[in-house]
Amino acid sequence: TTLADWPNVLELTRRNVERMGLAERATDRPGDIFEADLGGPYDLVVASHIFHHFSEERCLELLRRLHDALRPGGRLAINDFMAAGPPAEQPFPFLFSVMMLTWTREGEAYPLATYRRLVREAGFGRVEAHPGIGMPSTVLVADREE
């Protein structure tokens, strides 16, 4: 398992990994996700609650980096707040977008349709969406074609 994030976040992550007895199975890749060496190739990349911090252009840039870090046939799993319907049916992603207006310069909780378009533009093939468990998030799974 390879963990990529800012050094201060990885410090907390490392404590949790050690508490779970998995320290020997995890390596760290500290730094800016847009610039750090991601390593690879990986069978699976999990990107959880990252994309809502950035503009669509930066999201596409990151998706292309993650695509390149996967082996052919590998999978990307994105866990984030993604609305698939109107605000009256799914209010949380829209409310979260309002928070992103105050916390970031250009982020938002992108709708599922935007994620589908961006992963295809980044070169991924088959795309599936699954409802999250326990919180109003969605897991989008995209395959890097062989």
Side-chain angles (χ1 to χ4, degrees), residues 1-85 89-97 99-100 103-146:
T1 302
T2 303
L3 309 167
D5 213 322
W6 293 106
N8 61 319
V9 175
L10 286 174
E11 184 179 318
L12 175 63
T13 303
R14 178 56 58 185
R15 280 188 258 152
N16 287 327
V17 167
E18 289 170 2
R19 184 177 45 79
M20 292 184 277
L22 301 171
E24 302 82 38
R25 296 176 58 189
T27 58
D28 297 347
R29 293 220 172 245
D32 184 331
I33 195 75
F34 291 93
E35 297 174 10
D37 178 13
L38 299 179
Y42 301 107
D43 294 320
L44 172 67
V45 169
V46 178
S48 185
H49 296 283
I50 296 173
F51 293 97
H52 60 250
H53 292 279
F54 306 105
S55 68
E56 282 190 37
E57 294 78 18
R58 291 288 277 173
C59 290
L60 181 57
E61 178 184 342
L62 179 54
L63 285 165
R64 287 180 173 142
R65 291 198 81 216
L66 298 177
H67 178 275
D68 292 346
L70 283 165
R71 69 165 176 76
R75 289 190 146 178
L76 170 66
I78 300 171
N79 178 42
D80 218 321
F81 306 119
M82 303 176 203
E89 293 175 14
Q90 294 181 310
F92 186 83
F94 294 94
L95 293 171
F96 191 78
S97 276
M99 290 188 339
M100 289 292 93
W103 290 352
T104 70
R105 292 182 185 169
E106 51 192 21
E108 70 175 274
Y110 296 103
L112 179 57
T114 299
Y115 278 98
R116 287 183 183 278
R117 177 178 50 79
L118 289 173
V119 296
R120 286 198 176 95
E121 285 181 36
F124 288 91
R126 189 175 61 91
V127 179
E128 301 173 351
H130 306 277
I133 298 171
M135 64 186 313
S137 63
T138 299
V139 177
L140 183 131
V141 179
D143 294 339
R144 177 178 173 171
E145 296 179 331
E146 297 199 40

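When reading the values below, keep in mind they use all heavy atoms of this one structure, side chains included, and skip hydrogens, waters and symmetry mates.
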(Q) Any heavy-atom pair between the side chains of Asp80 and Ile50 that's under 4.5 Å? (A) no
Q) Say you draw a straight line from OG1 of Thr27 to CG of Leu10; how long is it, rounded to the nearest 0.5 Å? A) 10.0 Å
Q) Which residues satisfy the ring pair (Phe, Tyr, Trp, His ring centres under 6.0 Å) test with His67, sequence neighbours excluded? A) Phe124
Q. Distance from Arg117 atom CZ to Cys59 atom SG, nearest 0.5 Å?
A. 10.0 Å
Q.
Do Leu63 and Leu76 make a side-chain contact, defined as non-hydrogen atoms from C-beta onward lying under 4.5 Å apart?
A. yes
Q) Side-chain contact, heavy-atom cut-off 4.5 Å: Val46 with Asn79? A) no
**Q.** Shortest non-hydrogen contact from Phe34 toward Asp32
**A.** N-OD1, 2.8 Å
Q: Check the surroundings of atom CD in Glu106: do more than 12 heavy atoms from other residues, nucleotides or ligands lie under 6.0 Å from it?
A: yes
**Q.** Electrostatic pair Glu61-Arg58, nearest N-O below 4.0 angstrom
**A.** yes
**Q.** Residues which pass side-chain contact (heavy atoms from CB on, under 4.5 Å) with Asp37, listed by chain and number, not counting sequence neighbours
**A.** Arg29
Q) Considering all heavy atoms of both residues, which atom of Arg71 and which atom of Arg144 are nearest to each other, and what is their separation? A) O-CD, 3.6 Å
Q: Looking only at non-hydrogen atoms, find the nearest pair between Ala23 and Arg14 and report the distance.
A: O-NH1, 3.4 Å
Q.
Main chain of Pro30, side chain of Asp28: is a donor-acceptor contact present, judged purely on distance under 3.5 Å?
A. no
Q. In Å and rounded to the nearest 0.5 Å, what is the CZ to CG distance from Arg19 to Asn16?
A. 4.5 Å
Q. How long is the gap from CD1 on Ile33 to CG on Leu38, to the nearest 0.5 Å?
A. 5.0 Å
Q) After noting the C-alpha distance and the side-chain angles of Thr1 and Leu22, does the key distance pass the side chain to side chain contact (heavy atoms under 4.5 Å, CB included) rule? A) CA-CA 9 Å; Thr1 302; Leu22 301 171; over 6 Å; no
Q: Could you grab the distance from atom CD of Glu24 to atom CD of Glu18, nearest 0.5 Å is fine?
A: 9.0 Å
Q) Roughly how far, to the nearest 0.5 Å, is CZ of Phe51 from CD1 of Ile78? A) 4.5 Å
Q. Aromatic rings His49 and Phe81: how do their planes relate, parallel, tilted or perpendicular, breaks at 30° and 60°?
A. tilted
Q) Looking at Gly39 and Ala69, what are the two nearest heavy atoms and their distance? A) O-CB, 4.1 Å
Q. Quick one: are Leu60 and Glu57 in side-chain contact, heavy atoms under 4.5 Å?
A. no
